[in-house]
Amino acid sequence: IRSTLLSASYSGLEESRLSPIPKRAKPTHLAMDKENQIIGYVVPIFRGSQEYASGLSDTEEARMKESAGYMARRNLFTSGLEMERTEQTSRKVSMRQSAEHISLSKRIYENEEYHKCMNEDSLMHAPEFVIKPRSHTVWEKQCVRLHCTVSGWPDPRVIWYKNNVTIDPMARPGKYKLQSSYNVHSLQIDRCDFDDTAQYRVSAMNSRGELSTFASVVVKRFKGEVDETLPMPRHGIVSEYGITFETHIVDGFGVSFGREGETMSLGAMVIISPNLARYQPEVQWYRDDVLLQPSKWCQMHWSGDKATLTLTHLNKEDEGLYTLRITTKTKYETYSAYVFVRDADAEVEGAPGAPLDVTCQDANKDYVIVTWKQPAVDGGNSILGYFVDRCEVGTTHWSQCNDTPIKFARFPVTGLVEGRSYTFRVRAVNKSGMSRPSRTSEVVAAMDPADRARMRGTSAPWTGQIIVTEEEPAEGVVPGRPKELEVAEATKNYVVLSWKPPGERGHEGIMYYVEKCVSGTDSWQRVNTEIPVKSPRYALFDLAEGKAYRFRVRCCNSAGVGEPSEATEATTVGDKLDIPSAPGRVVPTRNTATSVVVSWEASRNAKELVGYYIEASIVGSKTFEPCNNKPVKTTRFICHGLVTGESYVFRVKALNAAGLSECSQESEAIEVKAAIASPTPPYGISILECVRDSMVLAWKQPTFIGGADITGYFVDYREVINGVPGKWHEANVKAVSDRAYRVSDLKENRKYQFQVRAANMAGVGIPSLPSETFICEEWTIAVPGPPHDLQVTEVRANTLVLLFKPPVYQGRDPVNGFYIDIKEADAEEEAWRGVNEKAISTNYMKIKILKEGETYVFRVRAQNKAGVGKASEPTEPVLAETKPGTTEIVVDIDDDGVISMNFACSNLTPDSKFVWSKNYKEITDETRITVATSGEKSKAIFNMPAEDDIGIYSCAVTHTNGESSSYTLSAEELRKLLEISHDHKFPIIPLKTELAVELQEKGRVRFWLQAEKISANGKIQYVFNDNTLSQGEKYKMNFNKDTGVIEMIMESLLQEDEGTFTFQLQDGKATNQSSLVLIGEVFKQLQKESEFMCKEWHRKQGPHFVEYLSYEVTPECCVFLKCKVGNIKKETVALWYKDGREVKGDGNLTFTEGVLNLEIAQISKKDAGVYEIVMKDDRGKDTSTLNLTEQGFRDLMNEMFSHIAKSSTALKIQSTEEGIRLYSFVSYYNEALQVTWHHKDSAIAFTDRIKSGVVGEQLWLQITEPTEKDKGKYAIEFHDGKGGLKRTVELAGQAQWPNLVLLFSDRARVAGGLPDVVTIQELKALNLTCNISGDPVPEVVWLKNEREIVSDDHYIMKFESGKYASFTITTVNTTDSGKYSILVKNKYGTESADFTISVFSPDSKK
């Protein structure tokens, strides 16, 4: 163990010459001097997250880290003391190190000789620098990266040194970043400072040798610039309190694309172990290495396991590289991705994009300089200039600062009010219109910079200078001359002057007057004549371009105006800053399937360069789209969002404040596809079988195969003794293609660890993490081992197919089935549940119980007679979804009857291949299936379809995101396919319609059919009774190749044309025919119709009836006889006849309508008869007849009766003096109308009390003296010869009936008591009494022979109590004989009762 540790110590700490510490001292947080006096508190050191594959055991690696940490602490805090101690290293230590070096060299030599003997064709060679790191000179706070490419086998170990001191990223987290990928090694130094100026060495070493190379980094600093570096992580020694935090960022955000105005969230899951309650790491977000602070534009959130950054309102300023940094006590972890922000849709079509990065500089009392960056999108027309707007804080009013657009991306804004705050924005304009406004600038206050500094309450940084100012004189002193007047900036639109206040200015404030004069003259003109300026800055506008001017400034206060300053040198008005030159050669390089790395040569002699815009165009489109909307300052950029498989060209533009340069030359075209790299490590190493001297391993395929097929795997193993791993040994020299391998020559009951590396055409990848420790002991269990190599394919929203391999260890008996288990990915271990109740015998299964959007994992268990064995390793989580663009296998049968299965994939990469399988075993024998692939499509062709071909066929596309599909060929499906194939081999021409016959104009006979599909080369043969017909006078043939209509026309049918007509079709090898039989009655009927149509055609050559004579009854019950005529002219006449006699009708013919009418206003029986109309002119005549007698007349009248019935109103009730009247109105009444009244669905028998009649258009039913029996439903039925029409009304239960009853009960009535005849003897007395009722009390009148009787001594008439009426004749005589009546009446009615008195004398009776 000690020898191994010494060897590891030498390999890890060779450069430091530091011997291992025999015992680790207790960590302390106090800093001591040489006399052990406490001099301060030690800040804990910050460890990084980078790990090195040193090949040492866990214990050795921990001791290595302790030694490295000890060295880092010693260098940081006691560098001078340790240098002294190093120089005084004892002879004993030096000898021990020398011996260790000799021992290690010997072991390396023996190892090399051993491998030479084992592999004579070994490709092992010493390290070689294919690309060496270049020296760099950078500005302070910039990032620099040193790259080198190293070849060698075995893979060399690479170490970076700074001034011959090993660089440890854990000593200064965030400062250094080491990366090794695909033999490319890099050292990144973030936010460089003066201490990073050094010579850097990179050393590569393997068993074949060691090689080093050097590069220098020089860091420069801008003069007078204040150091504003980002907050750095805490430095110093960290007390971990016995806890080592492991941080992992998972489910990170990828490259994102947004649009201005949208909201975007970036988030990542963070796993920190151990998971301590209420422990919160430090979460920081950076954009382009600038720490972000919470604001209205960005919001940060930490939920305990997820960090989220929300950009609330995207602008192009938000574009850049975003980095999430998670810092714990022991290490940090970072994750980065780029965010692209596209322009929002322009408000005006063709308008440019909005400017960006609006900032305010050199703010003073009434003056500020606004700067911005030009947009990448100009809308297709060059930008004419920019408008600057300002808004005072607290208001929403924006005012435009410049009247004309300026092209320079910098503008001095004057006229600000001292003490007020402002924000600014910028708009671009071209000939199409104005852009959207930029994001507003930060708030800036118009005030003296010194006052602003005092308000902040912070002191200025130390600049290394001490400025001594003179004591200010007393008040009332005229200020002196301004000092150091200079032209700070000059463009063709304006000139900016700057100066310093004078030393003599008194205690009060001073202001300034600016004067100018044309160069060569001495005529000075004051520029600001009205109001002096308060700031020592001033912008002059409206100067003549091309002229030279000189300027000077005077100070003024209440004491007066001072002497002018020294005049400036002559300044010519014009742009001093030139537009940068076009960038140099543009070189694109493959990166990923959707991105390309673009590098270019920087613009030469560019002044004040702001950055570059990169544009891309699909080859042939000639349309360039911006790749970035925020300028980048580097000469290398990764263009994302490209279409895989498309070819692009790129060009670059540089920009500064003066404008954008010309575009560079277009790059060479490059196809977008992933670059080839060595694969990532395999993972999930497990044991499938174990015997006394060998173990069978299984592992999972790397998550990234490097863009090329994996050619094989290499397995290494090492023995673990007492928890200390030994040296790695190769298990296989030749790569194995399967993901399972038997490692032999092991020792029984020993412990081993394994690692696996994958290889492709780019090389061998880095090894996997060491596996768990396994004991090599023979398995004796009865049940089988775990299945392995689980693969998921054909993933859809609700289904997928799981493939697996049977276990290597069978157990006591052979495996006879498998069980599939499933659970949700985030569920507990107890959530595993079975998919199949009965064991399956195949090594695949289609799972159909998925829920869309859910994520699952699967495992497989094998069984034999002894039982069910151990479960396999679970699969990776699988999301149940149907990905966009997913296609399925399509079965096709071509015209030759060949059956094929077709699969298309639009997401191919250059290395993609279509792999066809039957029952999920790759088809290699083409005896029954032939595979043909062309472009994005592949087909599997059945050579001779038969029952042997029944099975499940699948097709998978390699180097894609799981593109696959399957098709099940069952016996029934095979039978259907064979039937269709037979039809294709022996095809028929499909017909839309069979042969049919129709009659055309002049009685022509047309035989026709329509073929559904027939080419232009189709041939038709016309046959009649087995005789071929040909084109001629009698037969006219036609074949429309566009519509497939085939026809034969005959002018007429003769007796000899009776028989069978046949059309025979041929198109290549496809044939068909259709026949039509015309014999017997069918032929005669067709011939008759043909002759009739021929006569009709001739009839229509002159004036004729288009519509023959008919009648129409209007709703007003008027009858019109009408007809429609055609082919008429002015000379055409029309004559009307009834029963052979001419009648006067409508003889005026209109050429537009051609309609003739004969009106019968009030039709009656006398209008019945036969009507005829004759049309004639010099071309001929036509006649139409209408029979309106008997049935014809009855039909007409019934139609009129129907109109009358429909016009009838609802049946209504009216009270009359006699009783109740039911009535309905009609629009017209005809005496022939038949009406029936019903009561309770029975026809009413009319009596003197119930009568019906017609008054005008009113039909009524009168009920005199209604009683309770008269209640019920009444109806009037109109008869029209068809169904008729009824109108009904209900008396009972309606509101009218109580009123009617009340009317009858209150009506004056004679209740009874009077006889019909009274015979009385002369001289007798007569007294008659009757009952009277009514309310109000009726009036009673007695009558004799229709004359009223007056009460006297002879006639005594009484009416008592309003109820009883009496009539008395005191002495009857013969003159009293006659007819008597009593008449009672009130307001509801009148009633009378009659009786007769007969007087006789006794003599006459005798």
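Computed from a predicted structure; not experimentally measured.
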Undergrad: Mark yes or no for whether S1090, through its side chain, and G1003, through its backbone, hold a donor-acceptor pair below 3.5 Å.
TA: yes
Undergrad: Provide the full list of ring pair (Phe, Tyr, Trp, His ring centres under 6.0 Å) pairs with a residue in residues 921-952, sequence neighbours left out, each pair given once.
TA: F942-Y953
Undergrad: Kindly give the heavy-atom pair with the smallest separation between A1011 and L991, and that separation in Å.
TA: CA-CD2, 3.9 Å
Undergrad: Indicate yes or no for a side-chain donor-acceptor contact from N943 to the backbone of T927 under 3.5 Å, with no hydrogens or angles considered.
TA: yes
Undergrad: Can a salt bridge be assigned to the pair K1129 and D1178 using a cut-off of 4.0 Å between side-chain N and carboxylate O?
TA: yes
Undergrad: Over all heavy atoms of both residues, which pair between C1123 and I1173 is shortest? Give the atoms and the distance, please.
TA: SG-CD1, 3.8 Å
Undergrad: Stepwise, does the side-chain contact (heavy atoms from CB on, under 4.5 Å) test hold for S965 with T887?
TA: CA-CA 7 Å; S965 180; T887 56; over 6 Å; no
Undergrad: Can you check whether D895 reaches P987 side chain to side chain, under 4.5 Å on heavy atoms?
TA: no
Undergrad: Using atom types as modelled and distance alone, determine if a side-chain donor or acceptor of D1195 lies under 3.5 Å from a backbone N or O of G1192.
TA: no
Undergrad: As a quick check of understanding, evaluate side-chain contact (heavy atoms from CB on, under 4.5 Å) for M1200 and Y1111, giving each step before the final call.
TA: CA-CA 11 Å; M1200 184 177 66; Y1111 62 83; over 6 Å; no
Undergrad: Taking everything shown except K1036 itself, do over 12 heavy atoms lie less than 6.0 Å from its NZ?
TA: yes
Undergrad: Would you check if the side chain of N1230 reaches a backbone N or O of I1163 as a donor-acceptor pair within less than 3.5 Å?
TA: yes
Undergrad: Using the ring pair (Phe, Tyr, Trp, His ring centres under 6.0 Å) rule, collect all pairs that involve residues 1156-1206, keeping only residues at least two apart or in two chains.
TA: none
Undergrad: Would you check if S954 and E794 make a side-chain contact, meaning some heavy-atom pair closer than 4.5 Å?
TA: yes
Undergrad: So which atom in S906 and which in E936 form the shortest heavy-atom distance, rounded to 0.1 Å?
TA: CA-OE1, 3.8 Å
Undergrad: Do side-chain atoms of S617 reach the backbone of V649 as a donor and acceptor pair under 3.5 angstrom?
TA: no
Undergrad: Can a donor-acceptor pair be found, under 3.5 Å and without considering hydrogens, that links the side chain of N1127 to the backbone of G1102?
TA: yes
Undergrad: For M944, is there any backbone N or O sitting under 3.5 Å from a side-chain donor or acceptor partner on R928?
TA: yes
Undergrad: How long is the gap from CG on L1109 to NZ on K1124, to the nearest 0.5 Å?
TA: 15.0 Å
Undergrad: Keeping the roles fixed (side chain from T960, backbone from N907), state whether a donor-acceptor pair exists under 3.5 Å.
TA: no
Undergrad: What verdict does the side-chain contact (heavy atoms from CB on, under 4.5 Å) test give for L995 and T1062, after you've listed the backbone C-alpha separation in whole Å, the side-chain angles of each residue and the deciding distance to 0.1 Å?
TA: CA-CA 8 Å; L995 184 60; T1062 303; 5.7 Å; no
Undergrad: Once ring pair (Phe, Tyr, Trp, His ring centres under 6.0 Å) is applied, do any residues pair with F1120, and if so which ones, sequence neighbours excluded?
TA: none
Undergrad: Might you confirm whether atom CD of E1142 has over 12 heavy atoms from other residues, nucleotides or ligands at distances under 6.0 Å?
TA: yes
Undergrad: State, with a plain yes or no, whether a side-chain heavy atom of S900 is found less than 4.5 Å away from one of D894.
TA: no
Undergrad: Can you find a heavy atom in the side chain of V891 that is under 4.5 Å from one in the side chain of E973?
TA: no
Undergrad: Under 6.0 Å from the CD atom of E1012, do we count more than 12 heavy atoms belonging to anything else shown?
TA: yes
Undergrad: Give me the atom names and distance for the closest heavy-atom approach of T1132 to P1103.
TA: CG2-CB, 3.9 Å
Undergrad: With a cut-off of 3.5 Å and sequence neighbours excluded, list every side-chain donor-acceptor pair involving residues 1079-1088.
TA:
| from | atom 1 | to | atom 2 | distance (Å) |
| --- | --- | --- | --- | --- |
| Q1085 | NE2 | E1089 | OE2 | 3.2 |
| Q1087 | NE2 | L1053 | O | 3.1 |

Undergrad: Around Q1162, counting heavy atoms of other residues, nucleotides and ligands shown, do more than 12 lie under 6.0 Å from its CD?
TA: no
Undergrad: Among residues two or more places apart or on two chains, list those pairs meeting salt bridge (charged side-chain N to carboxylate O under 4.0 Å, His left out) that have a residue in residues 1097-1112.
TA: E1096-R1099, R1099-D1182, E1112-K1122
Undergrad: Can you sort out the partners of S917 under side-chain hydrogen bond (donor to acceptor under 3.5 Å, both in side chains), two or more places apart, ordered by chain and number?
TA: none
Undergrad: Side chains of C1118 and Y1228: closer than 4.5 Å at any heavy-atom pair?
TA: no
Undergrad: I'd like to check the side-chain hydrogen bond (donor to acceptor under 3.5 Å, both in side chains) partners of N961; sequence neighbours left out, ordered by chain and number.
TA: K883
Undergrad: Walk me through whether N902 and K937 qualify under side-chain contact (heavy atoms from CB on, under 4.5 Å).
TA: CA-CA 7 Å; N902 300 265; K937 298 180 180 180; over 6 Å; no
Undergrad: Enter the distance from H1279:NE2 to L1233:CG here, rounded to the nearest 0.5 Å.
TA: 8.5 Å
Undergrad: Would you give the length of the straight line joining atom CD1 of I1020 to atom CD of E1047, rounded to the nearest 0.5 angstrom?
TA: 12.0 Å
Undergrad: Give me each pair satisfying ring pair (Phe, Tyr, Trp, His ring centres under 6.0 Å) with a member in residues 995-1038, each pair once, sequence neighbours excluded.
TA: F1007-F1061, Y1022-F1063, F1024-F1061
Undergrad: Looking at residues at least two apart in the chain, or sitting in another chain, which of them share a salt bridge (Lys or Arg N to Asp or Glu O under 4.0 Å) with D1177?
TA: R1179
Undergrad: Please list, chain by chain and in numerical order, all residues satisfying salt bridge (Lys or Arg N to Asp or Glu O under 4.0 Å) with D948, sequence neighbours excluded.
TA: none
Undergrad: Less than 4.5 Å apart, side chain to side chain, heavy atoms only: is that true for T842 and N919?
TA: no
Undergrad: Between the main-chain N or O of V1077 and the side-chain N or O of T1060, is there a donor-acceptor pair closer than 3.5 Å?
TA: no
Undergrad: Inspect the contact between D1057 and K1034 and indicate whether a charged nitrogen and a carboxylate oxygen are less than 4.0 angstrom apart.
TA: yes
Undergrad: At their closest point, which heavy atom of D1067 faces which heavy atom of N1017, and how far apart are they?
TA: OD1-C, 4.3 Å
Undergrad: In Å, rounded to the nearest 0.5 Å, how long is the span from CG of L1196 to CG of D1167?
TA: 9.5 Å
Undergrad: Decide if atom CD of E349 counts as having more than 12 heavy atoms of other residues, nucleotides or ligands within a radius under 6.0 Å.
TA: no
Undergrad: Answer yes or no: is there a side-chain heavy-atom contact under 4.5 Å between S1227 and E1116?
TA: no
Undergrad: Sort and list the pairs that fulfil ring pair (Phe, Tyr, Trp, His ring centres under 6.0 Å) and have at least one residue in residues 889-914, not counting sequence neighbours.
TA: none
Undergrad: More than 12 non-hydrogen atoms from neighbouring residues, nucleotides or ligands closer than 6.0 Å to NZ on K622, yes or no?
TA: no
Undergrad: Does the side chain of S938 come under 3.5 Å of the side chain of T933 through a donor N or O and an acceptor N or O?
TA: yes
Undergrad: Between E979 and R975 (salt bridge meaning N to carboxylate O under 4.0 Å), is one present in this structure?
TA: yes
Undergrad: Would you indicate whether the side-chain heavy atoms of V1133 and K1181 approach each other to under 4.5 Å?
TA: no
Undergrad: Would the distance check show the side chain of Q1031 and the main-chain N or O of M1037 forming a donor-acceptor pair, the cut-off being under 3.5 Å?
TA: yes
Undergrad: Determine the minimum heavy-atom distance between A797 and A880, stating which atoms define it.
TA: O-CB, 3.6 Å
Undergrad: Partners of Y967 by ring pair (Phe, Tyr, Trp, His ring centres under 6.0 Å), sequence neighbours excluded?
TA: none
